[in-house]
2 protein chains.
Amino acid sequence: MRSDTKLDRRSRNNARVTITDLSQALCLTKGTVSRALNGYPDISEATRLRVVRAAQAMGYRPLTHAQAIKTGRSRSIGFVVELSQKDAHRPFLAEFLAGLTQAASYEGWTLTVATSETEADTLKIMRSLVQQQKADGFILPRVLWQDPRIALLSAEKIPFICYGRPKNYENLSYFDIESELSMREAVQHFVDLGHQQIAYIGSATHYAFSHHRRDGYLRGMNEAGLVPDPFLIKEGVVSAEDAAEATRGLLALDEPPTAVLCATDTLARGVYEVANQIGLKIGSEISVIGYDGSPEASAMWPHLSTFSIDNRKAGVALGTMFIDRIREPDAPVVQTLLQSHLCRAGSTGAPVLSPEQLAHRLAPFQGQLIHSHQNSGRER
Amino acid sequence: MRSDTKLDRRSRNNARVTITDLSQALCLTKGTVSRALNGYPDISEATRLRVVRAAQAMGYRPLTHAQAIKTGRSRSIGFVVELSQKDAHRPFLAEFLAGLTQAASYEGWTLTVATSETEADTLKIMRSLVQQQKADGFILPRVLWQDPRIALLSAEKIPFICYGRPKNYENLSYFDIESELSMREAVQHFVDLGHQQIAYIGSATHYAFSHHRRDGYLRGMNEAGLVPDPFLIKEGVVSAEDAAEATRGLLALDEPPTAVLCATDTLARGVYEVANQIGLKIGSEISVIGYDGSPEASAMWPHLSTFSIDNRKAGVALGTMFIDRIREPDAPVVQTLLQSHLCRAGSTGAPVLSPEQLAHRLAPFQGQLIHSHQNSGRER
DNA sequence: TTTGTTGCCGAAACCGGTTTCGGTCCTAAG
DNA sequence: CTTAGGACCGAAACCGGTTTCGGCAACAAA
């Protein structure tokens, strides 16, 4: 009788093996089976092995959300994408998610993705995801220099790992791409090619990475014995359009830069835009380096020299770091840095013009450049 | 006593309101409360309202996975990204996910994302996600012309909604961007500008959209009274590199095309690549149209004319369609089409050269073009 | 032989829900 | 005035797990 209905249910339900099935097959109570599988010390090694083997053989996998209702942990890593800046996430998202889910699924975990419109929204969503036990914690993408998410999660003791290094990162677990060194390398590369007048276009300063990249530029300049001219530094530039505006400002200078270092590939698009409009030859009359290794970089012509970063690997690293943290909440913080490497392409070359010659070359276009303001960057 | 431990637990657990709390506050059993909230007919309207209001007031939200253990439904929509073709998903993923989660979270649902390497892997992962009750069904991105996922899910009666129209879509619920009409429009646009020799570079033919786009091209040609020359059609082109190869083949023809219609923006990159290499002016000597409205399109110079598609909207549509389907499994299929619209940019213009003149112009470069094979497209 | 320990497992409560099954009470028909 | 039938709710089982508690057997020390 009983076994009849059991079988019946089993066959409709796609034959999931439950802990009860397993315990019956082993002539043990389900409590014992559960403790055996979870490595409780009051189970003899012999029966533990017996249980583990049977579970393996019968293909038993516990229902994580059935566990969750008692344990409170749902083995799911939360990921909230904030969409206020439309472009902020696109280039790296797919590969990054791939890495994240790869790490997650390897351990039988799940990735729960949510999106939000505003910062306040993000906090609310994260809180509710945890309360609904839909996430055991979070991976924080694109960490801000002073990140309210970190404040919230720390205060509420919700586990998280940062992708990026914020202002005070001493006691935080993070993974980051080392971009300071990259920017120094970029400056060095420009210098090696013979550039002296090297400009920098930086992204929105509330992002943590903006700080590291700018510092890298500054240190690179110092190391090369160059004094970074404040006029050559545009910070807080958000979009390609803003970057174009910034570029016009740079080219309107008395001594325009022969090389421009951009904090992101998207910003480099702005440089290209202006250069294309006035017929300035990229890679010779002006050189450009970006950062991100995005597909845009190879859509530009000449191809943009940029720092390619392995977002897949970043995802894997962050995923495993997160799971480890949940498993061992009291372990010391883990801080990982990954190097990115420069992909040289056609956008960098020896300067064919000195800054003075460049200025002369640009003279006819001053009308198009003049309307830009000295401080086109938008500070947050 | 009892209430003491209760409070204690509550305060650590971030004060989640459970159904027991609610039932005690209302002096009802939790069974009654549950039935009231789920609209059972054996609950009087008066108490139903009382329960619903109290739930609202106390901020009660049921734990979906606690429900799931009895009901089998976890209110979670599954999304498996296959990464075999690295580039296949990137451009549209972020915005699409945004739409999906927007629709999901609005209804209190969750999005569970997984990735897979191969097709077989995808099927395995989907099956296991359902078995582990981590997904109630799936949104299928990038539907193939003959899609094994559809076969599997149909056979196992797992709910799903397609993003795209496969070969036999009569009885399927789908959402799709109408690209056939777009391609016809593109051809028409070329013709209006004065082009006659119009080539087509199509993407991997196992994708469903490839068929619709190619058919659109063919119909557009017919409508314009032009006979599509088989030599002008390259199908099964996967990457920008392959598209470059295809382009070389096209330009090596006796009567090379003055206009090239590409099934995706990525393929258009290949056309640009070749044009840039041999100094062919895009937008005058040769015109190009892409499809996708990706950021690459505006990274190219001149900007690529392309069809922009609202992936956000697509995500919202698919999400709500999916949830509706779960709620009402026996409802008739829903089939939705969304129009995309052409964003004209610098890559299209009136031809300044006839095909013959173009061939003459290209004569010096035949050496670079000749090594291409007539049939560079890779058929699957 | 008695008395602790210790190792090991069963029994049962529990987690936060859903669902079935009766059992009142009220009402209308006989 | 009975009685059949609904309307409405409580009681309890259930879902698939985890965790606490207690008891039994074996073994060592007294």
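None of these values were measured; they are calculated from a predicted model.
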Under 4.0 Å between a side-chain nitrogen and a carboxylate oxygen: does that hold for A/Arg75 and A/Asp136? no
Within the structure, does a side-chain N or O atom of A/Arg61 lie under 4.0 Å from either OP1 or OP2 of D/dG16? no
Any salt bridge between A/Glu119 and A/Arg142, counting N to O under 4.0 Å? no
Identify whether the distance between the nearest side-chain nitrogen and carboxylate oxygen of A/Asp147 and A/Arg149 falls below 4.0 Å. yes
Within 6.0 Å of CG in A/Asp42, more than 12 heavy atoms from elsewhere: yes
Side chain of B/Ala66 only, heavy atoms from C-beta on: which candidate in C/dG17, D/dC15, D/dG17 is closest? C/dG17
Tell me whether B/Arg165 is salt-bridged to B/Asp176, with the criterion being a basic N under 4.0 Å from an acidic carboxylate O. yes
Hey, is the side chain of B/Tyr60 poking within less than 4.0 Å of OP1 or OP2 on C/dG17, counting only N and O atoms? yes
Between atom NE2 in B/His65 and atom P in C/dC15, what is the gap in whole Å? 14 Å
Would you kindly give the CD-to-C1' distance between B/Glu45 and D/dC9, to the nearest whole Å? 16 Å
Euclidean distance, atom NZ of residue B/Lys70 to atom P of C/dC15 [Å, nearest integer]: 18 Å
Given atom CD of A/Gln133 and atom C1' of C/dG16, what is their separation to the nearest angstrom? 9 Å
For the helix from C/dT1-D/dA30 to C/dG30-D/dC1, what angle lies between the axis at the first five pairs and the axis at the last five pairs, to 10 degrees? 60°
Whole angstrom is fine here: how far is it from CD1 in A/Ile69 over to P in D/dT18? 11 Å
With the side chain of B/Asp42 defined as its heavy atoms from C-beta on, choose the nearest nucleotide among D/dC9, D/dT18, C/dG17. D/dC9
A/Gln131 CD to C/dG16 P, in whole Å, measures 13 Å
Looking at A/Arg325 and A/Gly137, would you say the former's side chain and the latter's main chain have a donor-acceptor pair under 3.5 Å? no
Looking only at side-chain N and O atoms, does B/Ser44 come under 4.0 Å of OP1 or OP2 in D/dC9? yes
Under-4.0 Å salt bridge between B/Glu45 and B/Arg50: no
Proximity to DNA chain D (any heavy atom under 4.0 Å), residues of residues 26-39 of chain A only: A/Lys30, A/Gly31, A/Ser34, A/Arg35, A/Asn38
Closest heavy-atom pair and its distance - B/Ala98, A/Leu83: CB-CD1, 3.2 Å
Of the listed D/dG17, C/dG16, D/dT20, the closest approach to the A/Tyr40 side chain comes from D/dT20
Does D/dG17 have OP1 or OP2 sitting under 4.0 Å from an N or O in the side chain of A/Thr71? no
Length of the line joining A/Leu63:CG and C/dC15:C1', which is rounded to integer Å: 14 Å
Which residue is it: B/Thr122, B/Thr115, B/Thr118? I am looking for the one with a side-chain hydrogen bond (donor to acceptor under 3.5 Å, both in side chains) to B/Glu82. B/Thr122
Let me know the distance between CZ of A/Arg16 and P of D/dC15, rounded to the nearest Å. 13 Å
Between atom CG of B/Leu318 and atom NZ of B/Lys313, what is the distance when rounded to the nearest 0.5 Å? 13.5 Å
